[in-house]
Amino acid sequence: MLEVLIDYSRHSLGLLPLMALLFAAGVAIIIERLVFFARSIRAGASLEYDLEQLAAGNLADATRLAEHYASCIQGRLVRAALAANGKVEGRFERDLDEAIMFQLPRLDHNLWVLDTAVTLGPLLGLLGTIIGMIESFNVLGLAGTSNPMAVGGGIAHALVATAFGLAIAIVCVMFLNYFNKRIRLVNNQMDLIKSMLVSRFSAPA
């Protein structure tokens with residue numbers, strides 16, 4: 001098996017190991033983001049429920065909520081609301097918007113790796129295929145038609161790079177679209193939490 005992998009790597013001039021490294025990086029990001037969004041969305045839904053039970057102006061319970069949800073990005077809004085408590089609605093909303101903007105980079109953290117893999121995977125696969133085809137035509141030029149297996153084997157090796165590049169793009173684009181949907185859901189949660197906090201802790205204009 002190792003000899004086969006080395007043979008494929010040699011025919012692609014080292015592009016297949018590079019593509020494998022790109023795929024491994026993509027898988028690592030996918031696992032990390034799956035865990036992150038699962039926790040964030042679950043915590044956001046729980047915070048929404050707790051805020052529904054919170055009476056307006058109840059700073060003691062709000063403080064406990066801020067401590068309980070300190071590790072999730074939605075919980076930072078509760079802390080910001082406590083800091084802005086008593087401000088008029090317009091100023092209160094601006095403070096919460098600022099808190100939301102500080103959390104946005106955490107939502108798409110490292111997703112550029114998946115975006116890059118979607119584009120770079122097929123391109124590397126195409127380059128590997130071209131390199132393999134060139135080697136196959138070189139064999140054809142040297143051996144004529146006396147050794148068709150040598151030419152066919154080279155073409156088969158070349159097409160493996162294309163297939164691998166497409167597989168990388170397919171996996172990464174599926175999860176990239178899924179994570180973009182999760183980002184929209186978390187943004188919706190933060191907008192709802194912001195609205196609930198404004199109605200409970202901002203001062204009338």
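Hydrogens, waters and symmetry mates play no part in the numbers below; they use all other heavy atoms, side chains included.
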Correct closest heavy-atom pair for Ala117 and Cys172 would be CB-SG, 3.6 Å
### Message
If we ignore hydrogens and angles and just use 3.5 Å, is the side chain of Thr63 paired with the main-chain N or O of Leu59 as donor and acceptor?
### Response
yes
Sorted by chain and number, sequence neighbours left out, side-chain hydrogen bond (donor to acceptor under 3.5 Å, both in side chains) with Arg94 holds for none
Quick note, ring-ring contact (aromatic ring centres under 6.0 Å, His included) partners involving residues 166-195, not counting sequence neighbours, are Phe37-Phe179
Rounding to 0.5 Å, atoms NE2 (His109) and CG (Leu104) come to a distance of 14.5 Å
Distance col, row Asp95:CG vs Ile100:CD1, nearest 0.5 angstrom, shows 11.5 Å
Is Met19 reachable from Trp112 through a run of hydrophobic residues whose side-chain heavy atoms are each under 4.5 Å from the next? yes
Next on the checklist: Less than 4.5 Å apart, side chain to side chain, heavy atoms only: is that true for Ile183 and Asn187?
Outcome noted: yes
TODO: Answer whether the closest heavy-atom distance between the side chains of Leu96 and Ile193 falls below 4.5 Å.
DONE: no
Going by heavy atoms in the side chains, are Arg33 and Leu111 under 4.5 Å from each other?
yes
For Leu54, the side chain to side chain contact (heavy atoms under 4.5 Å, CB included) test, sequence neighbours excluded, returns Leu51, Asn58, Asp61, Ala62, Leu65, Arg200, Phe201
Hydrophobic clustering (ILVMFWY, side-chain heavy atoms < 4.5 Å, transitive) - are Leu166 and Leu124 grouped together? no
### Step-by-step side-chain contact (heavy atoms from CB on, under 4.5 Å) determination, Phe23 to Val171
CA-CA 9 Å; Phe23 184 63; Val171 172; 4.3 Å; yes
- Close side-chain approach of Leu107 and Phe36, heavy atoms under 4.5 Å: yes
When rounded to the nearest 0.5 Å, the distance separating OG1 of Thr162 from CG of Leu126 is 6.0 Å
Residues passing the side-chain hydrogen bond (donor to acceptor under 3.5 Å, both in side chains) test with Gln103, sequence neighbours excluded, are Arg106
Contacts of Asp50 meeting side-chain hydrogen bond (donor to acceptor under 3.5 Å, both in side chains) (sequence neighbours excluded), chain-then-number -> Tyr69
So the side-chain hydrogen bond (donor to acceptor under 3.5 Å, both in side chains) pairs with at least one residue in residues 118-128 (sequence neighbours excluded) are none
In short, salt bridge (charged side-chain N to carboxylate O under 4.0 Å, His left out) pairs touching residues 185-194 with sequence neighbours left out are Asp97-Lys194
Residue set satisfying side-chain hydrogen bond (donor to acceptor under 3.5 Å, both in side chains) with Ser202, at least two apart, ordered chain then number -> none
Applying ring pair (Phe, Tyr, Trp, His ring centres under 6.0 Å) to Phe92 and not counting sequence neighbours gives none
Sorted by chain and residue number, the salt bridge (Lys or Arg N to Asp or Glu O under 4.0 Å) partners of Arg39 (sequence neighbours excluded) come out as none
Rounded to the nearest 0.5 Å, the CD1 atom of Ile29 sits from the CG atom of Leu34 at a distance of 11.0 Å
To the nearest 0.5 Å, atom CG of Asn177 lies from atom CG of Leu114 at 10.5 Å
Residue pairs meeting salt bridge (charged side-chain N to carboxylate O under 4.0 Å, His left out), one or both in residues 179-190, sequence neighbours left out, come to none
Discussion item. Is there a path of hydrophobic side-chain contacts, each under 4.5 Å between heavy atoms, that joins Ile130 and Leu123?
Written reply: no
Can you give me every donor-acceptor pair (side chain of residues 71-83, partner residue at least two apart or in another chain, under 3.5 Å) with its distance?
from	atom 1	to	atom 2	distance (Å)
Gln74	NE2	Ser40	O	3.0
Gln74	NE2	Gln189	OE1	2.8
Arg76	NE	Ala70	O	3.2

